[in-house]
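Heads up, the thing below is written out as structure tokens.
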Amino acid sequence: MRAPSLLPPRGGGLSSEGVRDWSPAFERPLGRSFYARPTARVARDLLGCRLVLRPSRGSEGWRAGRIVETEAYVADDPANHASRGRTERNRSMFLGPGHVYVYRIHQVHCANLTTARGQAVLLRAVEPLTPLLAGPRGPGLLCRAFGLDRAHDGLDAVVGELRVLPRDGPPVEVARAPRVGIRLAADRPLRFFDGRSEWVSKRPARPRRKVPG
DNA sequence: ATCGTGATTCCCT
DNA sequence: GGGAATCACGATA
């Protein structure tokens, strides 16, 4: 059996040594049509898929993780950054399906993949498939682990340096729950996670909002 | 529960 | 332009 912490040996790049030359570059990423579907469906189907970041200036090797937790931000959704239309910050949410939207909040960055215009899926946690700089449990830590920041905002996730490869590895036990850390529309069950994963972020179920009495 | 921390938006001028 | 309110976080207790 393959060690869970290694990238799966698929596709080309086979050397006489074996599979060590495997690279995500040899695999076909999820195409535009994957993202051009209802956002909650995309959020669910991203579970088990592999998020991969191509090495760029200075960094060596690909970084990859198996997606285990996502949230959908949909139409008529006051928690959605685009709920009040297009702004300078959220402009990459309007580039069409399959683009990267990275924003900064407090001291951290959070990464999304866009679906329909003005809708996106927040990537909350992955299981490391390569050595990462931080435990990617939670959207801010995920970005830190991959080195994602506003420089990655607006990239095309179908052909760019950040991509998603099809589901692979152990089966996903899909679970749904309310989204984390939001005030508005806090009851909608638009958070999806793999109930079997150790890497799902945990936070208080019901933080904010004063209750009278 | 609260705190540190800064970008962004909105509602004014 | 300015200033207040807001915020899809993470670390702490």
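Side chains included, hydrogens not; waters and symmetry mates left out as well; all remaining heavy atoms used. Chain letters run A, B, ... following the sequence lines, proteins first, then strands; residues in each count from 1. Here the structure is a predicted model, which means the values were calculated and not measured.
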C:dT6 OP1/OP2 closer than 4.0 Å to side-chain N/O of A:Arg183: no
List, with names and distances, any nitrogen or oxygen atoms from the protein found under 3.5 Å away from nitrogen or oxygen atoms belonging to nucleotides 10-13 of chain B.
none

Distance in angstrom units between A:Ile182 CD1 and C:dC9 C1', rounded: 14 Å
Sugar-phosphate, base or nothing in reach of A:Arg137, heavy atoms under 4.0 Å: nothing
Electrostatic pair A:Asp168:A:Arg66 at N-O distance under 4.0 angstrom: no
Polar side chain donor-acceptor pair, A:His99 to A:Tyr35, under 3.5 angstrom: no
DNA chain B contacts made by residues 104-112 of chain A, counting heavy atoms under 4.0 Å: A:His106, A:Gln107
Stepwise side-chain contact (heavy atoms from CB on, under 4.5 Å) test for A:Leu51 and A:Phe146: CA-CA 10 Å; A:Leu51 182 70; A:Phe146 278 77; 4.1 Å; yes
Carboxylate-amine/guanidinium proximity below 4.0 Å for A:Asp76 and A:Arg188: no
Side chain of A:Leu141 - closest among C:dG10, B:dT8, C:dC7: C:dG10
Whole-Å distance separating the CG atom of A:Asp153 from the C1' atom of B:dT8: 13 Å
Step-by-step side-chain contact (heavy atoms from CB on, under 4.5 Å) determination, A:Leu148 to A:Leu53: CA-CA 9 Å; A:Leu148 298 176; A:Leu53 180 70; 4.1 Å; yes
Intra- and inter-strand pairs of DNA chain B in dot-bracket (Watson-Crick or G-U wobble, both distances under 3.5 Å; | for another strand): ||||.|||||||.
Atom pair distance, as rounded to whole Å: CG in A:Leu142 and P in C:dG10: 9 Å
Residues A:Ser83 and A:Asp77: side-chain donor-acceptor under 3.5 angstrom: no
Ring-ring centroid check A:Tyr103 A:His81, cutoff 6.0 Å: yes
Presence of salt bridge, A:Arg54 and A:Glu161, under 4.0 angstrom: no
A:Arg104 and A:Asp149 ion-paired at < 4.0 Å: no
Polar contact flag, side-chain donor to acceptor under 3.5 angstrom, A:Thr114-A:Gln119: no
Lys NZ or Arg CZ of A:Arg179 over A:Tyr73 ring: under 6.0 Å, within 45°: yes
Distance, rounded to the nearest Å, where A:Arg150 contributes CZ and B:dG6 contributes P: 17 Å
Ring centroids of A:Tyr103 and C:dA8 base under 5.5 Å with planes under 30°: no
Of the listed nucleotides C:dA8, C:dC7, C:dA11, the one nearest the side chain of A:Leu184: C:dC7
Any donor-acceptor N or O pair under 3.5 Å, side chains A:Thr130, A:Arg63: no
Value in whole Å for how far the P atom of C:dA8 lies from CE of A:Met93: 12 Å
Side chain of A:Glu88 (C-beta onward), nearest among B:dT9, C:dC9, B:dT8: B:dT9
Separation of C:dA8 C1' from A:Arg124 CZ (nearest whole Å): 7 Å
Nucleotide B:dA7, atom C1' - distance to CG of A:Asp149 in whole Å: 14 Å
Distance in angstrom units between A:Trp199 CH2 and C:dG10 P, rounded: 14 Å
